[in-house]
Structure formats: structure tokens, C-alpha cells
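Presented below is the structure to which this report refers.
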Number of protein chains: 2
Amino acid sequence: MSLPHAILTALLEKPSSGLELTRRFDRSIGYFWPSTHQQIYRELGKLERAGHIRVLPTAQPARGQRKEYEVLPAGREELSAWVSLAEDPRPVRDPLLLRMRAAAVVGAPGLAGELRRHLVLHREQLAEYLEIERRDFPPERTADEDRLRHLVLRGGIDLETFWTGWLTRAIDDLTGSGPGPGTGSRASDDS
Amino acid sequence: MSLPHAILTALLEKPSSGLELTRRFDRSIGYFWPSTHQQIYRELGKLERAGHIRVLPTAQPARGQRKEYEVLPAGREELSAWVSLAEDPRPVRDPLLLRMRAAAVVGAPGLAGELRRHLVLHREQLAEYLEIERRDFPPERTADEDRLRHLVLRGGIDLETFWTGWLTRAIDDLTGSGPGPGTGSRASDDS
DNA sequence: CGTCATTGTGCAACTAGTTGCATAACGAAG
DNA sequence: CTTCGTTATGCAACTAGTTGCACAATGACG
């Protein structure tokens with residue numbers, strides 16, 4: 001149940017309308033909790049009904065008319081409570097790794113190409129994060145209250161760095177020698 | 001739609017019953033595509049109806065009676081086709097990063113403790129992967145057909161290495177100086 | 001004035017994964 | 001021989017996320 005809390009966080013940073021929130025997600029919180037406008041509108045409705053947020057009285061409510069939301073005290077408390085919950089890391093669920101594993105069994109003609117494609121995408125994402133870091137967190141003074149936000153960004157940077165590194169080595173390993181395993185046949189398990 | 005393909009891969013490696021498959025997932029494919037027995041049984045039913053797998057004739061079909069499945073040619077073809085599909089990396093979706101971001105807004109008394117807890121978990125997972133590597137992929141001869149499987153395992157190892165590194169630095173950064181930001185108040189965006 | 005693109009809100013249906021539980025066969029213990 | 005734990009299969013309801021689309025207001029262009 002993270003999306004409502006992502007929305008509360010974003011609304012505390014700045015009261016917004018649904019679409020505005022969606023756009024801010026696309027270049028901020030959405031980097032580690034992506035969401036669509038449909039989902040966001042639905043969740044805004046729930047949060048309002050729960051008394052966690054309300055429509056700013058300045059805007060008139062009508063279909064197709066902009067509605068700006070702000071967080072109510074109850075919403076802030078809810079978020080505070082959620083922040084201090086313990087929650088185990090979610091298990092990895094990655095189709096690319098699954099594909100490689102399947103390729104070990106049924107063969108993989110174009111797999112190296114797919115790895116190269118992913119490498120490009122991860123490099124782009126990494127560059128985007130580094131650009132944000134350069135812009136928002138210059139080395140001089142790291143404002144105390146920005147430390148957590150910087151750590152989160154560092155997480156994104158380190159994660160993309162891991163992917164580019166691993167993909168590079170995987171491509172080398174796959175194309176460096178022989179044509180690959182073809183249709184494997186063993187029946188052992190594990191790993 | 002990855003679960004059916006995960007199951008096809010596992011069944012090609014070795015024909016199995018539902019429960020056996022579940023257990024093999026727990027210490028193998030489930031590391032990057034986790035699944036429960038309920039989901040696996042449901043999917044086995046669909047795969048059988050689709051003509052991708054069949055029950056081995058040796059076992060008699062009855063409720064509460066073991067049924068062993070094997071992959072049919074159509075299933076192998078389906079898997080082959082899926083392996084060569086292009087699929088973009090899924091966006092990250094991580095509650096811990098979200099929590100840190102929320103903590104920058106509403107404060108975070110116990111956050112460092114939670115980070116330490118995660119660090120332990122990731123270290124344990126890393127140790128488990130390294131043990132598997134030591135056991136299944138000794139340095140001497142790397143059999144050609146095992147290369148892909150080893151690469152997948154390397155992915156898990158590198159990923160856990162990234163987490164332990166990042167968490168260690170985050171904990172240092174959070175506990176090293178001042179008491180943290182408390183209730184932040186800024187209203188800027190991005191990052 | 002009409003129509004067309006843009007901004008904005010939102011519903012409905014679908015898909016995939018999770019949680020809780022029911023049920024059957026079978027062997028071991030009392 | 002019955003009861004109990006284990007192995008095994010599976011259904012049903014729920015939750016979260018995705019996809020496709022509908023509709024209202026508004027301002028620009030002809």
C-alpha cells in the first residue's frame with residue numbers, strides 16, 4: 001500500500017491537482033514508484049473520502065475543472081505512521097534474468113542484442129540521474145534537510161551503475177567466446 | 001506474462017509436480033521470479049489447457065494425488081518465441097526509497113534502524129548466492145552451457161552487493177552527523 | 001460561430017499477484 | 001481402526017497495477 005503514501009508525500013511537498021501530480025511523478029517520485037494519472041485520480045478519491053486530503057476551497061468542483069488538493073493533519077499522521085513501519089525488501093522480479101535462464105535451456109540467438117539494448121537504456125537513465133544530481137545537489141553545501149533526498153537519488157545512481165556494469169560484463173562474456181550453449185540438455189537444479 | 005515461461009523453463013530442466021515445482025522455485029528460479037504454489041497450480045492448469053504441457057501418463061489423476069508434468073513441443077516453441085521478445089526493463093518500485101523520501105518531509109525517528117535491518121537481510125542473501133556460486137560454479141572449468149546460468153547468478157550477487165554498499169553508506173551518512181532533518185518544510189520539486 | 005487541440009478529470013474492464021482456506025491421500029502413533 | 005501430521009492439489013476472494021476510453025472546459029484559428 002505505497003501509492004497513497006507516495007501521493008501524500010508529493011502533496012506535502014506541494015499541493016497539486018491530479019494532472020500536476022502525475023507530471024511531478026514522472027520526473028521525481030515516479031523514479032522509484034511509477035504511477036499513471038488514472039491510478040492517481042482513483043487514489044486521490046480514496047484519500048479524500050478517508051479524510052486524509054481535501055480540495056483547496058479556491059477551486060470550484062466541476063467535471064473537467066481543475067481541483068487542487070492539500071494534505072490534512074490526519075493525512076500527515078498517516079504518513080508519519082507509515083514511514084516508521086518495518087517492511088521487508090520486495091523480492092526481485094526481473095524478466096531479463098528469466099529470459100537468460102530460459103535461454104540456457106532453449107537457446108538464445110538474439111539475446112546479446114537485447115542485452116545491448118538494455119545497456120543503452122540503463123546508461124540513459126544513469127545520465128539523467130547524474131544530471132539531476134549535478135543540478136540539485138552541487139558538492140559545496142549539502143543542506144541538512146536534503147540529505148535524505150540525495151541518498152535516494154544516490155540509490156538510483158548506484159542501481160543504474162550496477163546494471164550497466166553487469167550488462168557490460170554479460171555482453172562481453174556472451175560474445176567474447178563461442179557461439180553460446182544452443183539447446184541445453186542437462187536436468188540439474190539450483191542456482 | 002512471465003510466470004508461465006518461468007514454469008516452462010523449470011519443467012524443461014526437469015519434469016515435476018506442482019509442489020515439487022514450488023520447492024524448486026524457492027531455491028532457484030524464484031530468486032528472480034518468486035511464486036506461490038497457488039499461483040503455480042493455476043498456471044499449470046492454463047498451460048495444460050493450452051496444450052503446452054501434459055501430465056505424465058505414469059501418474060494417475062485424482063484429487064490430492066501427485067501429478068507430474070512435462071513440456072510438449074508446442075510449449076518449447078512458445079518458450080523459444082518468448083525468449084527472443086524485446087521487453088523494456090521494468091521501472092524500479094521500492095518502498096524503502098519511498099520511505100526515505102517521505103522521511104525527508106515528515107521526519108524519521110527509526111529510519112536508520114530499518115536501514116540496518118535491510119542491510120542484514122541483503123548481506124544474508126548475498127552470502128546465500130555466494131555459497132551457490134562456490135558450490136555450482138567452481139573457478140576451474142566453466143562448462144559452456146552453464147555460462148548463462150552463471151551470469152544470472154552473478155546478476156543476483158552484484159545486485160545484493162549494490163544494496164549492501166548503498167545501505168552501508170546511507171547508514172553512515174544518516175548517523176554520522178546531526179540528528180537528521182526532522183520535519184522538513186521546503187516546497188521545491190524534482191530529484 | 002464552429003471545430004480542433006490541449007488540459008484536465010475520471011470510469012470500467014482486465015491482468016497479475018496475494019491471502020485464506022478447503023479437500024484428498026497416506027502413513028505413523030496410539 | 002481412528003486420529004493426526006504431512007504431502008499434495010486446488011478454489012475463491014481480494015488487492016494493486018494496466019489499458020482503453022469517455023467526457024468536460026478552455027482557448028486558438030479560420
Side-chain angles (χ1 to χ4, degrees), chain A residues 1-8 11 15-26 29-50 53-56 58-69 82 87-95 98, chain B residues 1-8 11 15-26 29-50 53-56 58-69 82 87-95 98:
Chain A
M1 275 253 301
S2 295
L3 179 58
H5 303 102
I7 291 176
L8 287 173
L11 284 182
S16 306
S17 69
L19 200 59
E20 202 179 330
L21 215 41
T22 305
R23 286 202 262 259
R24 290 176 53 210
F25 260 66
D26 285 345
I29 291 183
Y31 286 132
F32 45 91
W33 204 275
S35 196
T36 58
H37 71 100
Q38 292 95 328
Q39 225 187 330
I40 286 171
Y41 280 117
R42 190 201 290 163
E43 213 57 55
L44 283 170
K46 281 191 203 168
L47 284 166
E48 190 181 16
R49 263 173 272 130
I53 62 175
R54 67 160 181 179
V55 178
L56 278 179
T58 30
Q60 66 285 27
R63 167 104 189 180
Q65 205 81 3
R66 181 190 167 82
K67 281 196 290 183
E68 198 152 60
Y69 291 93
W82 177 80
E87 185 175 2
D88 285 353
R90 359 188 90 188
V92 182
R93 190 166 269 151
D94 190 310
L98 197 55
Chain B
M1 277 254 300
S2 295
L3 178 59
H5 303 101
I7 292 176
L8 287 173
L11 284 183
S16 306
S17 69
L19 200 61
E20 202 179 328
L21 215 41
T22 305
R23 285 202 264 259
R24 289 176 53 209
F25 260 67
D26 285 346
I29 290 183
Y31 287 132
F32 45 91
W33 204 274
S35 196
T36 59
H37 71 99
Q38 291 94 329
Q39 224 186 331
I40 286 171
Y41 280 118
R42 191 201 290 165
E43 213 56 55
L44 283 171
K46 282 190 201 167
L47 284 167
E48 190 181 16
R49 264 173 272 130
I53 61 175
R54 66 160 181 179
V55 178
L56 277 179
T58 30
Q60 68 285 28
R63 168 106 187 178
Q65 205 81 3
R66 182 190 166 81
K67 280 196 290 181
E68 199 152 58
Y69 291 93
W82 178 80
E87 185 175 1
D88 284 353
R90 357 189 90 187
V92 182
R93 189 166 271 153
D94 189 310
L98 197 55

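Everything numeric in this text was worked out from a predicted model, so none of it was measured.
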| request: Please say which of Lys67(B), Glu68(B), Arg24(B) ends up in a side-chain hydrogen bond (donor to acceptor under 3.5 Å, both in side chains) with Ser16(B). | output: Arg24(B)
In whole angstrom, give the distance that lies between atom [atom1] of [X] and atom [atom2] of [N].
X	N	atom1	atom2	value
Leu21(B)	dT7(D)	CG	P	17 Å
Met1(B)	dT18(D)	CE	P	17 Å
Arg93(A)	dT15(C)	CZ	P	18 Å
Ile40(A)	dG8(C)	CD1	P	13 Å
Gln39(A)	dG8(C)	CD	P	20 Å
Leu47(B)	dA16(C)	CG	P	12 Å
Glu43(B)	dT15(C)	CD	P	12 Å
Leu19(B)	dT23(C)	CG	C1'	15 Å

| So which nucleotide from dG10(D), dT19(D), dT19(C) ends up closest to the side chain of Thr36(A)? | dT19(D)
| said: Of the options dA8(D), dG8(C), dG17(D), whose atoms approach the side-chain atoms of Leu3(A) most closely? | reply: dG17(D)
| request: Determine whether Tyr31(B) and Pro91(A) make a side-chain contact, defined as any pair of heavy atoms from C-beta on separated by less than 4.5 Å. | output: no
| request: Determine whether Leu21(A) and Leu44(A) make a side-chain contact, defined as any pair of heavy atoms from C-beta on separated by less than 4.5 Å. | output: yes
| Looking across every strand, which nucleic acid part, if any, lies under 4.0 Å from Arg90(A) by heavy atom: base, sugar-phosphate, or nothing? | nothing
| message | At 4.0 Å (heavy atoms only), tell me whether Ser17(B) reaches a base, stays on the sugar-phosphate, or touches nothing. | response | sugar-phosphate
| field | Pro34(A) vs His37(A), nearer the 5' end of DNA chain D by closest nucleotide | value | Pro34(A)
| message | Using 0.5 Å steps for rounding, measure from the CD atom of Glu43(A) to the CG atom of Leu3(A). | response | 5.0 Å
| task | Can you check whether any acceptor in the base of dG20(C) is under 3.5 Å from a donor in the side chain of Gln38(B), or vice versa? | result | yes
| task | Could you tell me whether the side chain of Arg42(A) has a donor or acceptor atom within less than 3.5 Å of a complementary atom in the base of dT9(C)? | result | no
| query | Side-chain N or O of Arg23(B) less than 4.0 angstrom from OP1 or OP2 on dA8(D)? | reply | yes
| Looking only at heavy atoms, which two atoms of Tyr69(B) and Leu11(B) are closest? And how far apart? | O-CD2, 3.8 Å
